[in-house]
A.B. asks: 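Sharing a structure, written as structure tokens. Questions coming.
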Amino acid sequence: MSDVSLAQDVPPPAERQRIAASPQEARSPQDLRGLHYPLGRWVPTPGTQVEVAPGIHWLRMPLPFGLDHINLWALDAGDGPNGGWALVDTGVNMGITKKYWEMLFAGPLAGKPVTRIIVTHYHPDHLGLAGWLCRRWNVPLEIARTEYLLARTLTLDVRDAPPPEAVDFSIRAGWPDEAVEGLRQKPWGNFSKIVSPLPAGFKRIRDKDVLTIGSRRWTVVTGRGHAPEHSCLVSDDGIMISGDQVLPRITSNVSVYPTEPYADPLGDWLESIDRLRRIDAGVLVLPAHNEPFTGLHIRLDQLAEDHQDKLEKLQAFCAEPRTAFESFATLFRKPVGESDYGIATGEAVAHLHWLEERGKVRRILGSDGVDRFVAIA
Ligand SMILES: [Zn+2]
């Protein structure tokens, strides 16, 4: 359940140099691959905040993954009886992240309480400290129902070994025998290690809900494919908190998991891209990773084209019957190491299922228990 696709955009060398540019340059507006970064390409230090628009504060927390950061948002709801801070997303459940939250509560966010905790989707970098924050401030968790229920299930599903369905999923995807054996030896249920215990109940948010926070009204826009019911928030004054539904430079992970092995999340993802085109093209997008940007529709086009390109290559590759495992080299630029077999399989199967659902490839279950997909002429 990583946020980032293995097929993430690799910045060209020129861009990598610009990331390392001087602080003055980094803080000036920049244009890159059709997107505009009005605040430049720098980020707040954990434990500090930057006000990106009146009453909207950008916070950043470290992550223990390949992806090293997440952006969180503190929305100023004013000082009155309904005032306080509304937090959007929470960071992973780690001691250091709690320490940074305490620094924020004692520093830039001091003076009023946290009165709302809103989470875009169930992934641990977004939801990880929600339970802890809800208990600390005695407020409910606001999240979409499917996201809450899925997260609750995952926190409770802890086992000494993977369930047979997960092993079967990797066999069907065509993993080498040694890798399947390696999987069998692993404990199952890492989710609960990085997500603090969730509240036993929650407050539902859903598509088209309007949340009033301070003087702003935020409309919930649900996206699917990366997570089942991901909430974006779009304000009436042109700001979009996009979570992982739209990221400017990395590609969100869209995967099939053993819990729903016949799912078509890429169908959901591409449909969501079309839905998001209804949002005003000029919004300032506040993503969960990378920096705030404008150019929403340009980015949506890039994301859709990238998947279409992969789908075309994959269909051509399936001129002969192919397994998900065999398709890695077609889908990912970098060689996939064994520690990434899980995420690579999820993404490969998502692309194969998209083709299968639309009658472009056919599945053949072999006597060896492996699914192979072959293009339909
Ligand atoms: Zn995510």
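Computed over heavy atoms, backbone and side chain alike; hydrogens, waters and symmetry mates excluded. Worth saying up front: this structure is predicted, and the values here are computed from it rather than measured. Sequence positions, counted from 1, serve as the residue numbers for this chain. In listed order, ligands and their atoms are each counted from 1.
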A.B. asks: Check each of H126, H289, H121 against H226 using the ring pair (Phe, Tyr, Trp, His ring centres under 6.0 Å) test, and report the only one that passes.
C.D. replies: H121
A.B. asks: Tell me, please, if H123 has any N/O/S atom, main chain or side chain, under 2.8 Å from the Zn ion (ligand 1)?
C.D. replies: yes
A.B. asks: Which N/O/S atom belongs to D244 and is the closest one to the Zn ion (ligand 1)?
C.D. replies: OD2
A.B. asks: Keeping to residues at least two apart or across chains, list the ring-ring contact (aromatic ring centres under 6.0 Å, His included) pairs with something in residues 75-99.
C.D. replies: H57-W85
A.B. asks: Check all N, O or S atoms of H226 and name the one closest to the Zn ion (ligand 1).
C.D. replies: NE2
A.B. asks: Start with the C-alpha gap between V283 and T294, add the side-chain angles, then the distance that decides, and say whether side-chain contact (heavy atoms from CB on, under 4.5 Å) holds.
C.D. replies: CA-CA 6 Å; V283 288; T294 58; over 6 Å; no
A.B. asks: Just checking: H121, one of its N/O/S atoms, less than 2.8 Å away from the Zn ion (ligand 1), yes or no?
C.D. replies: yes
A.B. asks: When you look at CG of D368, are more than 12 heavy atoms from neighbouring residues, nucleotides or ligands closer to it than 6.0 Å?
C.D. replies: yes
A.B. asks: Do Y257 and F169 have their ring centres less than 6.0 Å from each other?
C.D. replies: no
A.B. asks: Has D125 got an N/O/S atom less than 2.8 Å from the Zn ion (ligand 1)?
C.D. replies: no
